[in-house]
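Convention: sequence-line order gives letters A, B, ...; per-chain numbering from 1.
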Amino acid sequence: MQDVENIVNGQKLFLKPEYQEVFKNKKQFEGHAGATNPEKVKDVAKWMTSWEYREKNLAREHITINPAKACQPLGAVMAALGFENTMPYVHGSHGCVAYFRSYFTRHFKEPTPCVSDSMSESAAVFGGLANMKEGLRNCKALYKPEMIAVSTTCMAEVIGDDLDAFVKGARGEAEGELDTTYIPAAHTPSFKGSHITGYDNMMEAILKTLTPEEEVAKDEERINIIPGFETYLGSLKEVKKIASMFSDKIVMLGDHEEQWNTGAGEYKLYAGGTPIEVAKSAKGAKATISLQKYTTPTTGKFIKNEWKQEYVTCNPIGLNGTDAFVMKLSELTGKPVPAELAKLRAQLVDAMQDSYPYMHGKKFAIWGDPDFLLGVVSFLVEMGAVPVHVLCHNAPRKGWEKEMQAILDKCTFKEDCHIWMGKDLWALRSLLFTEPVDFMIGNVYGKELYRDTKIPLIRIGFPIFDRHHLHRYSISGYEGCLNLLTWITNAVLDHLDEETKDIAQTDYFFDCVR
Amino acid sequence: MTTETLLSQQQAVIAEVLEAYPDKAKKSRAKHLGVDAPDGVKGACDSTKSNKQTIPGVMSQRGCAYAGSKGVVWGPIKDMVHISHGPIGCGQYSRAGRRNYYIGTTGVDTYVTMNFSTDYQEKDIVFGGDKKLKAALAEIDELFPLNNGISIQSECPIGLIGDDIQAVAKAYKKETGKPTVAVSCEGFRGVSQSLGHHIANDMIRDEVLPDGSYRKDFESTPYDVAIVGDYNIGGDAWSSRILLEEIGLRVIAQWSGDATYKEMTTAPKAKINLLHCYRSMNYVVRHMEQEFGVPWMEYNFFGPSKTTESLRKIAAFFDETIQAKTEAVIAKYTAMTDAVIAKYRPKLEGKKVMLYVGGLRPRHVIGAYEDLGMQVIGTGYEFAHGDDYKRTKDELAGSTLIYDDVNEYELEAFVKKLKPDLVASGVKEKYVFQKMGLPFRQMHSWDYSGPYHGYDAFAIFAKDMDLAMNSPVWGYTKAPWESK
């Protein structure tokens with residue numbers, strides 16, 4: 001029973017003997033192996049760590065287990081929230097939207113605005129036009145957006161709703177209420193690509209819609225930056241800061257930094273974002289830089305073909321990636337690298353030289369989105385670490401593997417490094433048991449891998465539901481790279497303390513200075 | 001605040017929020033909002049429309065049928081593998097988010113927090129995925145030999161492209177002899193999670209309960225009961241089970257938090273089914289009553305008043321030994337909960353609460369707040385039916401704003417006007433209200449605490465409410481240089 005002076009929640013309540021008794025009693029009614037045959041559970045658990053199991057597991061083709069990817073409309077919601085006063089609108093069932101909102105909210109600890117037009121059986125039979133007509137008007141009336149960014153769920157895609165015609169039809173019948181509202185619409189079927197594909201499709205649709213039909217004045221000094229599906233809000237901030245050191249004419253298209261970082265005191269439905277007017281003049285820029293090459297191929301094609309301007313990609317994660325980004329900005333603006341940036345770089349390199357012994361030669365497993373991986377794996381290699389398992393569930397078919405291999409080729413221990421494309425985290429489990437590493441880098445779903453393999457997890461990625469505020473930091477630029485260095489080095493040191501804390505056993509190595 | 005001013009404020013705010021809507025939506029929403037009081041004649045609890053289509057284009061907090069089936073009813077059955085059948089998203093967004101606690105070796109003999117998906121690609125949509133599903137079932141059995149069955153939880157496309165998952169499941173079951181259940185809970189069906197609960201119940205009725213293999217040699221006692229409609233959020237069913245056992249009953253099955261397939265089949269051996277979440281499992285207890293003659297009884301284990309009332313009601317169904325033990329258990333725990341109340345009530349007395357949750361909590365937790373001296377001034381359900389609102393009426397203490405399928409715009413307006421001291425709802429709403437400087441507790445996940453069912457759990461509930469209401473952090477919202 002609870003001690004009123006020391007009330008404990010489930011964590012410790014269920015350790016009390018009376019509850020342990022409850023668990024024991026319950027077993028007689030249960031039929032799972034843990035209750036009927038604990039020895040068998042041990043045997044099977046052991047078999048699951050074997051090479052034999054690994055081979056079966058890696059040969060698996062039809063069931064995905066513990067994926068490291070999500071579906072298109074999630075990315076579409078993020079792209080939409082990068083623009084000022086924009087409401088993401090998902091054409092389909094509202095269950096999807098409940099999921100997108102919870103998913104982002106659990107990660108950022110912030111509200112996530114997004115509406116749906118609640119399609120149901122009747123829409124499945126007759127199509128979703130009626131929902132769209134009423135939905136766009138209700139959305140406008142309640143939330144007063146300047147732009148409503150329409151994406152689709154798999155339901156709408158399967159029944160073949162004609163989005164452009166629907167938007168037109170809805171506008172026509174809205175008695176003028178939607179006349180001044182921008183309504184980009186993107187097909188974002190969940191059964192193609194992943195969340196990054198949805199980001200790309202929505203970004204293209206928004207830029208297409210906001211590109212005026214008439215000529216846009218050319219501004220040779222202007223440069224656009226598209227961040228991609230970037231969940232580190234600090235990265236957006238730092239990229240903007242670096243850009244501003246070169247010029248005040250470098251703007252971000254799809255700047256979702258503030259939306260998920262509003263202050264206490266007042267709830268704002270919309271916060272920050274690229275102003276619509278700024279997006280409308282983007283065509284006149286000299287160039288657009290995408291920071292996530294493999295997230296934005298469709299958007300890139302649109303920019304090259306329709307805006308007829310230079311489209312380049314950079315990946316400012318890690319030292320080399322940041323150097324390339326900085327040099328690209330220097331080249332495009334025609335200005336030398338500012339002394340302040342050079343100083344930040346020097347400080348970073350100094351820090352890398354301080355900490356390198358702890359990362360050098362350490363083996364890592366890492367998973368995440370394709371561009372994230374190119375950046376962070378590059379950083380690991382820069383530090384002399386060994387990315388043994390690089391797993392990309394949503395790896396693009398073209399180009400990515402070659403680029404990743406080129407990074408791994410620079411690794412001192414390159415023969416130990418493997419790229420796993422299209423594999424899930426249950427496959428990684430087998431890899432970790434058969435070819436173990438020292439540390440894992442990944443999202444919250446690595447938590448069960450940590451429990452099962454005991455390999456420490458360093459949380460860098462998306463989503464992270466069980467640690468707070470990491471998304472506020474940058475992983476991009478020189479300062480972001482310093483964060484990566486700090487997190488990883490200190491995780492190595494924490495683990496070293498963990499391994500050397502046994503009194504009179506290992507604690508001779510429990511050093512106060514490292 | 002007097003009842004009259006509260007009532008007039010409640011009525012005024014309804015009129016206010018409706019003003020923003022276009023005509024059609026206004027008409028529809030007006031039927032879902034109202035005010036009621038315990039003595040109200042034909043108040044909102046009698047007249048509120050519910051279980052209707054959500055108006056399009058708003059931020060509804062509702063989920064879908066798949067969420068109701070996979071997320072709520074089937075997902076917690078721990079020794080079965082539950083496939084999210086269709087594209088990758090649904091299974092990923094719903095992975096390990098509900099805190100259905102269980103004991104087991106995850107990945108080896110239990111699978112609740114994992115995500116199994118058939119990850120449909122375009123070719124599966126175009127050519128159908130039945131072959132893929134069949135192959136997926138075989139792969140699961142090869143890689144997870146200790147699973148005690150597989151359920152297939154349909155996502156939207158399955159029912160639209162004409163896949164015949166029922167046939168696949170049937171054939172596989174015949175071939176392997178293992179429980180294989182196809183649930184057609186496509187997200188677009190119905191208006192909310194609720195139809196998903198119903199469909200899930202129907203599949204338990206059709207595919208699980210007919211399996212009498214574990215019932216054959218089951219040694220019954222006169223005191224056998226089953227807990228139904230407890231998903232063991234944060235361990236709720238465990239802190240309920242202990243009380244039932246202490247009063248001399250034997251809990252032979254727990255549905256479906258920490259449940260096993262075997263427990264799902266043995267519930268009909270109970271002398272009575274004890275139903276906590278009426279909304280999500282009333283269908284199957286009614287079926288068990290008809291088919292197996294097992295009566296059922298609703299109970300409420302939130303807060304000591306309701307827990308005591310419920311224990312006595314349950315005991316009344318049994319003999320005097322049970323009743324005597326029940327009184328002893330009540331006395332034992334009441335000493336503790338009285339101390340909890342003495343400790344926390346002075347800090348919480350008179351505080352006003354607004355609730356917006358799912359199946360049973362919008363009415364079931366009212367008593368727990370009242371035990372702490374708090375007053376619920378607004379409540380509503382995401383996916384209730386008329387019978388839920390009727391049951392809500394019995395729980396009201398004063399004039400209460402009633403809102404069905406409330407969307408974010410409305411809830412925000414209601415809260416701004418009625419100024420509760422605490423909002424208790426879900427994660428999507430949490431930060432909206434915290435930004436306004438309002439204490440908030442998630443009442444789906446117990447805000448990562450809990451359990452909240454039973455006497456021991458009430459101590460946690462009280463401590464958590466105090467923590468939320470009396471944290472110093474709410475005092476910093478205004479900067480010291482700002483004028484009051």
Less than 6.0 angstrom separating the ring centers of [X] and [Y], yes or no?
X	Y	result
A/Tyr19	B/Trp238	no
A/Trp426	B/Phe144	yes
A/Phe191	B/Tyr120	no

Quiz item: Is any side-chain N of the basic residue among A/Glu134 and B/Lys24 closer than 4.0 Å to the acidic one's carboxylate O?
Solution: yes

Self-check item: Polar side-chain atom of A/Glu110 near backbone of B/Tyr431 as donor-acceptor pair, under 3.5 Å
Solution: no

Self-check item: Donor-acceptor pair, side chain of B/Tyr476 and main chain of A/Ala264, under 3.5 angstrom
Solution: no

Quiz prompt | Contact class of B/Glu155 relative to chain A, heavy atoms under 4.5 angstrom | solution = neither

Exercise. Return the option, out of A/Pro189, A/Ser118, A/Ala35, A/Gly92, with the maximum number of heavy-atom pairs under 4.5 Å with chain B.
Key: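 Ranked by heavy-atom pairs under 4.5 Å with chain B, first place is A/Ser118.
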
Exercise. Check salt bridge (charged side-chain N to carboxylate O under 4.0 Å, His left out) between B/Asp119 and all other residues, then give those that pass, not counting sequence neighbours.
Key: A/Lys69

Quiz item: With sequence neighbours excluded, what pairs up with B/Lys332 under the salt bridge (charged side-chain N to carboxylate O under 4.0 Å, His left out) test?
Solution: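 B/Glu246.
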
Quiz item: What option among B/Gly89, B/Ala136, B/Cys64 has the most heavy-atom pairs under 4.5 Å with chain A?
Solution: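 Answer, by heavy-atom pair count under 4.5 Å with chain A: B/Ala136.
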
Exercise. Evaluate the criterion side chain to side chain donor-acceptor pair (under 3.5 Å) for residue pair A/Glu30 and B/Tyr261; output intermediate values, then yes/no.
Key: CA-CA 8 Å; A/Glu30 299 185 310; B/Tyr261 175 79; over 6 Å; no

Exercise. Please determine, by modelled atom types, if B/Glu408 and A/Tyr267 share a side-chain donor-acceptor pair under 3.5 angstrom.
Key: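 Judged by distance alone, the side chains do pair up.
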
Practice problem: Classify the side-chain pair A/Thr262/B/Lys435 by whether it contains a donor and acceptor separated by less than 3.5 Å. | Solution: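 Yes, side-chain donor-acceptor contact under 3.5 Å.
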
Practice problem: Measure the shortest side-chain to side-chain distance between A/Arg451 and B/Thr106 over non-hydrogen atoms and say whether it is less than 4.5 angstrom. | Solution: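 Answer yes - side chains close enough.
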
Quiz item: Are side-chain heavy atoms of A/Phe29 and B/Thr266 found at a separation under 4.5 Å?
Solution: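 SC-SC contact between A/Phe29 and B/Thr266 ruled out.
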
